[in-house]
Undergrad: 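Next up is a structure, given as structure tokens.
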There are 2 protein chains.
Amino acid sequence: MSPAPRTKPAHEPATAELAVSTVIFALHTEAGAALPSLWLPLVRRTREPFQGQWALPGGWLPVDEELGKAAARTLNETTGLTPKYLEQLYTFGALDRSPGRRVVSVVYWALVQSDEAARAAEGENVRWFPADDLPALAFDHNLIVDYALWRLRTKLEYSRIAHAFLGEMFTLAQLREVHEAVLQRPLDPANFRRTIEASKTVIATDEYLAGTPHRPPRLYRFDSTIDPADLGPLGRATPGKAS
Amino acid sequence: MSPAPRTKPAHEPATAELAVSTVIFALHTEAGAALPSLWLPLVRRTREPFQGQWALPGGWLPVDEELGKAAARTLNETTGLTPKYLEQLYTFGALDRSPGRRVVSVVYWALVQSDEAARAAEGENVRWFPADDLPALAFDHNLIVDYALWRLRTKLEYSRIAHAFLGEMFTLAQLREVHEAVLQRPLDPANFRRTIEASKTVIATDEYLAGTPHRPPRLYRFDSTIDPADLGPLGRATPGKAS
DNA sequence: CATCTTATGGTCGATCTGACTTGAAGGCAA
DNA sequence: TTGCCTTCAAGTCAGATCGACCATAAGATG
């Protein structure tokens, strides 16, 4: 599902080939836009099949590398990013998803902090796209992104993953903005505050954000004793978990 | 992750090997037990590693077979079962999960109807176990079952998968019994009725179950226009979906 | 027919949610 | 300096939801 196959078999391989890819989300405020929205980095394919088209970052799975590690490594090699959150999404293995060969892709999804995403290199072969308005991608990657988007939006409501878009300290307005951007609808500030406080996932500090043209908002931090992901039995010491 | 590797490499393979396994759940009422509980069929390994230990049904992935099809086929070959529900669970790929080689397993989970499970063959090398009280299994299969159990219990609350344990027509008491068995706690009959009716997932027929020693309960059927799984974009025409 | 059991429908109060109001606390402009 | 503007933060209120519980219905059984 990516740039370079380890070997180039002249004949049909006797077994499926295993690749790892990652859907990476970051929030980005477009110039002129009021709200931030979800963007993701794609890499341009430099060889057949789908040469020249955009695709998810990824690569073949080395025999001696964990799945999550391979996802983190390949996405870092191509985009320079280091995600704050990384979770397995789904494994895609349809027979016809790669012309002429059988490739099974274990796909991860990742969230990166906004400022980290801003630092990320854009180049000839790496570019950010708005998640809701993508071109036709290589392979079945449009479907994969759709599914990742759906998972992100669904999971945001019952877990703490919004954390991954923010830094160490943040205001409730910033946290609300993350939710609004992902869910694509405005949330009542007062009700949002009440909900978050009831969830006990954030801790109020006694610091305030200064320099605003209005009343300074209190800064919060996340309660790090709470598992952000809600993976059940996989949440603890486990395989498949990113480094 | 299963009986027979296609080839027996004398040296370390150049790439990870791909297997498919399935966690199969059925409800079974133990003799003397009041409530039914979750059981699952395991197969005894007939060769190393873990020879003699119990493991999930599965097998190597053929190059020319869809993931879900391979799961359905291998579980049918070993247990004779045909599940009513089959969904991808997770892909396990830790380096040390199979001694001496790298195996990545795409694991599915399945639900079978109670009467189908009753017909299923038990034999020397296939036996049913209570899901909450398993022996030490081969590989990382205990972890896999734990995760599948967690997913089943979590998903039951927001989807319609309880359907898969029942036949075409059923009473609300039978549906409630499924929920009670999976969640392992009693549910108030009146409140359960109210919740189910509000969800609009079942359709009342004008037939009643006769022969009970009390007031005959009305029979219901599921609204087949509703997707039972809630898979988002993967819910429609998709890869990875079972046959 | 009296009694037993589950089915089915309804009440009551606690809790949750969304819409909205009110006062607080800064910066900013006249 | 003094209002005014904005957002912060706390509170109110009505409708929806949910669990605990009560009451009646409708069959079987002896």
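Lettering follows sequence order; numbering is per chain, from 1. The figures that follow rest on heavy atoms only: side chains count, while hydrogens, waters and symmetry mates do not.
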Undergrad: Short question: side chain of B/T205, backbone of B/E207 - any donor-acceptor pair under 3.5 Å?
TA: yes
Undergrad: Kindly say whether B/V182 contributes a backbone atom to a donor-acceptor pair with the side chain of B/R153 at under 3.5 angstrom?
TA: yes
Undergrad: For A/L209 and D/dC8, what is the distance between atoms CG and P respectively, to the nearest whole Å?
TA: 10 Å
Undergrad: Under 3.5 Å, side chain of B/E116 to main-chain N/O of B/T82, donor-acceptor pair present?
TA: yes
Undergrad: Would you mind telling me which residue lines up with the more 5' stretch of DNA chain C, B/Y220 or A/R194, judged by nearest nucleotide?
TA: B/Y220
Undergrad: Are any non-hydrogen side-chain atoms of A/V112 and A/K84 less than 4.5 angstrom apart?
TA: no
Undergrad: How many whole angstroms separate atom CD1 of A/I196 from atom P of D/dA10?
TA: 14 Å
Undergrad: Determine, for nucleotides 23-30 of chain C in 5'-to-3' order, which nucleotides have protein heavy atoms under 4.0 Å from the base (write B), from only the sugar-phosphate (write S), or from neither (write -).
TA: BBBBS---
Undergrad: One thing to verify: whether A/E168 and A/R221 come together as a salt bridge, which I'm taking to mean a side-chain N less than 4.0 angstrom from a carboxylate O.
TA: yes
Undergrad: Taking CD from A/E197 and P from C/dC16, how many angstroms apart are they, rounded to a whole number?
TA: 14 Å
Undergrad: Got a donor-acceptor contact below 3.5 angstrom from the A/N76 side chain to the A/L81 backbone?
TA: yes
Undergrad: With a 4.0 Å heavy-atom cut-off, tell me which residues in residues 172-193 of chain A come close to DNA chain D, sorted by residue number.
TA: A/A173, A/R176, A/A190, A/R193
Undergrad: Is the backbone of B/R176 close enough, under 3.5 Å, to the side chain of B/H179 for a donor and an acceptor to pair up by distance?
TA: no
Undergrad: Using whole Å, report how far CZ of B/R218 lies from P of D/dA25.
TA: 17 Å
Undergrad: Do B/D230 and A/R151 sit within salt-bridge range, that is, some charged N less than 4.0 Å from a carboxylate O?
TA: no
